[in-house]
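Below: the structure, in structure tokens.
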Amino acid sequence: MKKSTFGLLLTILSFVLFIVCFVNAFVINPYSAYNGITGPLGSLLGNDMLVPFVVSLLGLGCGLFICGKEAYRKKN
């Protein structure tokens with residue numbers, strides 16, 4: 001598998017996971033407070049979506065980095 005294809009697949013899968021986490025934590029099941037923590041962090045913690053949210057953001061960043069690196073590398 002080419003590196004650019006791998007980067008594109010990683011980016012797409014991470015973006016889908018990001019959207020699922022976002023919709024679940026903020027649209028479907030919004031939390032008002034979790035142990036005194038309010039706002040987006042409290043909503044993510046209350047729905048147990050913080051770890052998948054962070055993993056999806058890291059995967060998205062890595063996938064975009066791989067795609068950018070492959071797009072602008074010099075071919076010998």
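Side-chain atoms are counted along with the backbone in the values below, which use heavy atoms only and exclude waters and symmetry mates. In this text, all values refer to a predicted model and were calculated from it rather than measured experimentally.
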Least distance between heavy atoms, Lys3 atom then Ile66 atom:
O-CG2, 3.4 Å

Residue pair Leu10, Leu60: steps toward the side-chain contact (heavy atoms from CB on, under 4.5 Å) verdict:
CA-CA 7 Å; Leu10 183 62; Leu60 191 60; over 6 Å; no

When hydrophobic residues are tied together by side-chain contacts of less than 4.5 Å, even through go-betweens, does Phe53 share a cluster with Val23?
yes

From Met49 atom CE to Leu44 atom CG, the distance as rounded to the nearest 0.5 Å
8.0 Å

ILVMFWY cluster, Leu58 and Leu13 together (side-chain gap under 4.5 Å)
no

Say whether, by atom type as modelled, one donor and one acceptor occur between the side chain of Ser43 and the main chain of Ala25 under 3.5 angstrom.
yes

Is it true that Phe22 and Val16 fall in one hydrophobic cluster, defined by side-chain heavy atoms closer than 4.5 Å?
no

Please check if the side chain of Ser14 supplies one atom and the backbone of Thr11 the other of a donor-acceptor pair under 3.5 Å.
no

Closest approach of Cys67 and Gly7, non-hydrogen atoms and distance?
SG-C, 3.4 Å

Apply side chain to side chain contact (heavy atoms under 4.5 Å, CB included) to Leu9 and list each qualifying residue two or more places apart in sequence or on a separate chain.
Met1, Thr5

Heavy-atom closest contact (Tyr34 atom, Gly42 atom, distance):
CB-O, 3.5 Å

Phe6: ring pair (Phe, Tyr, Trp, His ring centres under 6.0 Å) partners, not counting sequence neighbours:
none

For the atom pair NZ (Lys69) and SG (Cys62), what is the distance rounded to the nearest 0.5 Å?
11.5 Å

Nearest-0.5 Å distance that lies between atom SG in Cys21 and atom CG in Asp48:
11.5 Å

Pairing residues for Phe15 by the ring pair (Phe, Tyr, Trp, His ring centres under 6.0 Å) criterion, not counting sequence neighbours:
none

Using 0.5 Å steps for rounding, measure from the OG atom of Ser56 to the CD1 atom of Ile19.
9.0 Å

side-chain hydrogen bond (donor to acceptor under 3.5 Å, both in side chains) partners of Asn47, counting only residues at least two apart:
none

Starting from Phe65 and following side-chain heavy-atom contacts under 4.5 Å between hydrophobic residues (I, L, V, M, F, W, Y), which residues can be reached?
none

Over 12 non-hydrogen atoms of neighbours within 6.0 angstrom of CZ in Phe26
yes

Do you reckon Leu17 sits in the same ILVMFWY cluster as Leu8, going by side-chain contacts under 4.5 Å, direct or chained?
no

Cluster membership besides Val51, Ile/Leu/Val/Met/Phe/Trp/Tyr side chains within less than 4.5 angstrom, sorted by chain and number, is Val55

